[in-house]
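One structure below.
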Amino acid sequence: MIIKSAEYTASYVDVLKCPKTQMPEFAFIGRSNVGKSSLINYLCGRKALSKVSKTPGKTQTINYFDIDNHLHFVDLPGYGFAKRSIDQRHKWDNMIRNYLLKREQLMYVCQLVDARIEPQKADLEFIDWMGKNHIPFIILFTKADKPGNRDIVTNIQNFKNALLANWEELPIGIVTSAERNVGREEVLGFIDAATKDYYKKAAAGPVL
Ligand code: GTP
Ligand code: MG
């Protein structure tokens, strides 16, 4: 899949106000600073479509991007940001969990996991929560600037092993680096196939 146009649509805090269009959407979630906004920019081939920052907690709202008038990428604020107050965390929880549970257009969550660090409890817990709520997701390992690096390989394997403690089957996992151009074709290939499937089913009409 080649993205011809990627445009910022708008930002929302309330899932009920999100766009009414029926385009399928792919939401990017993960800990603050894991590289969600960078990955969206990388996939779209655009440097500054979504705002990137060295300081965690940059993305604060549900941000929509229109991809070729065919699908949406949704950039979400990260979780696990220690400097947030309890009140802010509640707000985050409400906003994100409401969005994930209620948004009918949501096709897949792209769960980002930092490949440079050991498995994190916050990620494993969030994945378990999605599993319990039947939210479809794939895992995108980020910041694998040198994907063959021994630490990266070990971290990814450890993460998969940790998942296998609760899951019988591993979800799809793709290794990426926005900085070093790793994984774009594979991620876009997955998104393309899921999108085609969505439109095929939509054309066939509702199952009676
Ligand atoms: P929040 O919006 O705060 O939740 O963060 P985010 O997940 O959107 O992360 P963002 O894309 O803003 O990137 C955070 C930091 O990680 C920035 O300093 C990026 O330059 C850096 N970063 C992102 N992707 C990569 C990558 O592939 N490799 C390396 N080395 N750094 C990266
Ligand atoms: Mg961000």
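The figures here come from the full heavy-atom set of this structure, side chains too, leaving out hydrogens, waters and symmetry mates. All ligand and atom numbering here is 1-based and tracks the order in the structure. Please read these numbers as outputs of a predicted model, since none were measured by experiment.
- Counting protein heavy atoms only, atom 6 (P) of ligand 1 is closest to Lys36 N, 3.5 Å.
- Hydrophobic clustering (ILVMFWY, side-chain heavy atoms < 4.5 Å, transitive): Phe28 and Phe126 are in distinct clusters.
- Counting only protein N, O or S atoms closer than 2.8 Å to the Mg ion (ligand 2) gives 2.
- At the top of the distance list for atom 15 (C) of ligand 1, counting protein heavy atoms only, stands Asn33 OD1, 3.5 Å.
- In terms of polar-atom proximity, defined here as any N/O pair under 3.5 Å, Ala144 makes no such contact with ligand 1.
- Below 30°, between 30° and 60°, or above 60°: for His70 and Tyr199 the angle between ring planes is below 30°, a parallel geometry.
- Protein heavy atom closest to atom 22 (N) of ligand 1, with residue, atom name and distance, is Lys143 CE, 3.7 Å.
- Remark: minimum distance from atom 2 (O) of ligand 1 to any protein heavy atom is reached at Thr59 OG1, 2.8 Å.
- Side-chain heavy atoms closer than 4.5 Å link hydrophobic residues (I, L, V, M, F, W, Y) into clusters, and following such links, even through other members, never connects Val113 to Val34.
- Two rings, from Phe190 and Tyr108, have their centers less than 6.0 Å apart.
- Gly148 and Val153 make their closest contact through O-CG2, 3.8 Å (heavy atoms, listed as atom of the first residue, atom of the second, distance).
- Listed by number with element, the atoms of ligand 1 under 4.0 angstrom from any heavy atom of Ser38 are 10 (P), 11 (O), 13 (O), 19 (C), 23 (C), 24 (N).
- Note on ring orientation: taking the six-membered ring where Trp is involved, the planes of Trp167 and Phe137 are perpendicular (angle over 60°, cut-offs 30° and 60°).
- Taking the side chain as every heavy atom from C-beta outward, Ile135 and Leu101 approach each other to under 4.5 Å.
- The closest side-chain heavy-atom distance from Phe26 to Leu71 is below 4.5 Å.
- Residues passing the salt bridge (Lys or Arg N to Asp or Glu O under 4.0 Å) test with Glu125, sequence neighbours excluded: Lys121.
- Of the protein's heavy atoms, Gly35 N, 3.2 Å lies nearest to atom 9 (O) of ligand 1.
- For atom 17 (C) of ligand 1, the closest non-hydrogen atom on the protein side is Ser53 O, 3.6 Å.
- Looking only at heavy atoms of the protein, atom 28 (N) of ligand 1 is closest to Asp145 OD1, 2.9 Å.
- In terms of protein heavy-atom proximity, atom 27 (O) of ligand 1 is closest to Ala178 N, 2.9 Å.
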